[in-house]
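Taking it in order: structure first as structure tokens, then the write-up.
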Amino acid sequence: MRQASANAGATGASAPLSGPAQPSVGGQIQADPATNALIISAPEPQYRQLRSVIDQLDTRRAQVYVESLIAEVNADKAAEFGVQWQGVLGKNGSLGLIGNNSSTAGANILGLTAGLAAGGTALGTAVNSLGGGLNLALAPSFNGQHYLGALANFLQSTGDGNVLSTPNLLTLDNEEAKIVIGQNVPFVTGQYTNNNSANGSVNPFQTIERKDVGLTLRVRPQVSENGTVKMTVFQEVSSISDTSTAGLITNKRSIESSVLVEDGSIVVLGGLLQDDYSGKQDKVPGLGDLPMFGNLFKSEQRQRKKTNLMVFLRPVVLRDGRQTESLTMDRYELMRGSQAQQQPQANSVLGINQSAQLAPLDLSQPRLPLGTAAPNAPAAQ
């Protein structure tokens with residue numbers, strides 16, 4: 001903060017003799033936001049008091065670099081086993097169907113009557129609707145038509161997922177910062193259709209509200225004298241569900257909290273440990289309970305899903321320009337290293353063998369525009 005000199009009273013030999021200085025009152029302070037300056041008009045004693053207060057307040061504010069880490073690990077396992085069989089009773093004039101058809105393995109598989117009524121081959125319809133995994137089937141022929149007489153279905157699937165998000169923010173002490181990475185998705189909040197019966201026109205009308213879907217981090221750090229950082233944190237991860245059938249369904253995980261953490265330490269904000277198990281069995285009453293042979297009259301499905309989600313936070317206090325510059329250079333070199341690993345392999349046919357890469361920084365040289373190669377340094381690839 002800049003200060004203008006005080007408008008003190010007369011001094012020197014021309015000053016009249018007076019007694020001890022009395023506490024002075026009055027004075028005027030004006031702020032100039034354009035130049036970040038204060039214009040002070042006040043007697044000398046009062047000006048010195050104001051100047052001492054300004055010197056204490058007009059110091060470099062600390063900055064806080066907040067590293068947020070979202071780690072999510074998913075493991076899905078599913079297994080299916082089922083046997084279905086169907087047979088025909090009677091002759092051409094009188095048809096009947098006997099067998100079992102479960103809803104777990106091959107829910108849409110076959111009916112002989114549907115295949116014959118359509119005048120087509122029932123086997124073709126059945127094969128197109130078979131599920132995944134190993135399918136063993138028998139397809140006898142009746143009255144010139146094929147049908148699926150028996151089906152054994154075996155399926156085992158495993159799915160693993162590992163999601164790691166690291167949103168980072170740099171902000172001044174006691175100032176809120178926010179970062180949003182995602183999409184702005186429209187949600188229908190109302191609709192109306194006006195049917196004009198006079199001329200047969202239809203005028204549809206919809207109201208839409210847009211919301212951010214993705215990753216959001218909002219934090220306000222406050223640094224104390226002993227290095228402890230108090231943070232008010234709001235973090236949210238949202239996505240659009242793929243299984244929505246009526247409108248849009250949003251999956252959301254959010255944390256809102258206030259925590260105390262030491263400078264450079266890691267604190268866990270919260271998390272989710274979830275273990276889901278589901279099982280389903282379809283069987284023929286009585287026959288499905290027989291030892292060994294009961295497996296021919298039942299179908300079973302089991303599924304287990306484990307989700308581990310944790311959110312961590314690490315604040316780093318930057319009290320001077322040297323620390324800020326050191327952190328910036330570290331992240332700059334990290335990005336250059338990532339770009340170097342993503343360089344395409346040389347190919348004389350394609351002719352494009354280089355991708356953009358940040359220029360190396362030389363702190364001993366005069367400051368150049370960001371991304372510009374320093375003198376005598378290799379140019380960006």
Side-chain angles (χ1 to χ4, degrees), residues 72-162 239-247 249 251 272-309:
E72 180 177 359
V73 179
N74 296 325
D76 297 339
K77 293 184 179 180
E80 295 182 13
F81 168 76
V83 176
Q84 305 177 46
W85 59 270
Q86 301 187 48
V88 176
L89 297 178
K91 297 183 179 180
N92 294 346
S94 176
L95 298 179
L97 189 66
I98 183 173
N100 68 316
N101 187 20
S102 66
S103 60
T104 301
N108 297 323
I109 302 225
L110 161 48
L112 171 63
T113 55
L116 294 178
T121 302
L123 176 60
T125 304
V127 171
N128 292 333
S129 59
L130 291 178
L134 176 63
N135 295 281
L136 303 177
L138 295 177
S141 175
F142 178 79
N143 197 21
Q145 302 288 339
H146 289 83
Y147 68 95
L148 192 62
L151 171 67
N153 175 259
F154 307 88
L155 172 63
Q156 185 173 1
S157 62
T158 302
D160 297 325
N162 184 7
S239 61
I240 300 296
S241 176
D242 296 333
T243 60
S244 175
T245 57
I249 298 178
N251 302 321
L272 170 67
L273 300 177
Q274 185 175 354
D275 192 344
D276 295 335
Y277 170 82
S278 62
K280 182 179 181 181
Q281 186 181 79
D282 297 323
K283 63 182 180 180
V284 177
L287 297 178
D289 297 327
L290 295 176
M292 299 297 293
F293 296 100
N295 293 325
L296 300 176
F297 301 94
K298 67 181 179 181
S299 178
E300 188 172 2
Q301 179 185 37
R302 296 180 183 180
Q303 184 175 5
R304 185 175 184 181
K305 181 178 181 181
K306 298 181 67 175
T307 301
N308 295 330
L309 171 66

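In this structure, NZ in K305 is found 10.5 Å from OG in S278, a value given to the nearest 0.5 Å. Considering CD of Q156 and CZ of R302, their distance stands at 11.5 Å, rounded to 0.5 Å. The line from CG of D160 to CG of D76 is 8.0 Å long, rounded to the nearest 0.5 Å. To the nearest 0.5 Å, the span separating CD on E72 from OG1 on T307 amounts to 6.5 Å. Separation of atoms CG (D282) and CD (E300) is listed at 10.0 Å; rounding is to 0.5 Å. For the atom pair K298 NZ and F81 CZ, the distance stands at 8.0 Å (nearest 0.5 Å).
Smallest separation of non-hydrogen atoms from S299 and G82: OG-CA, 3.4 Å.
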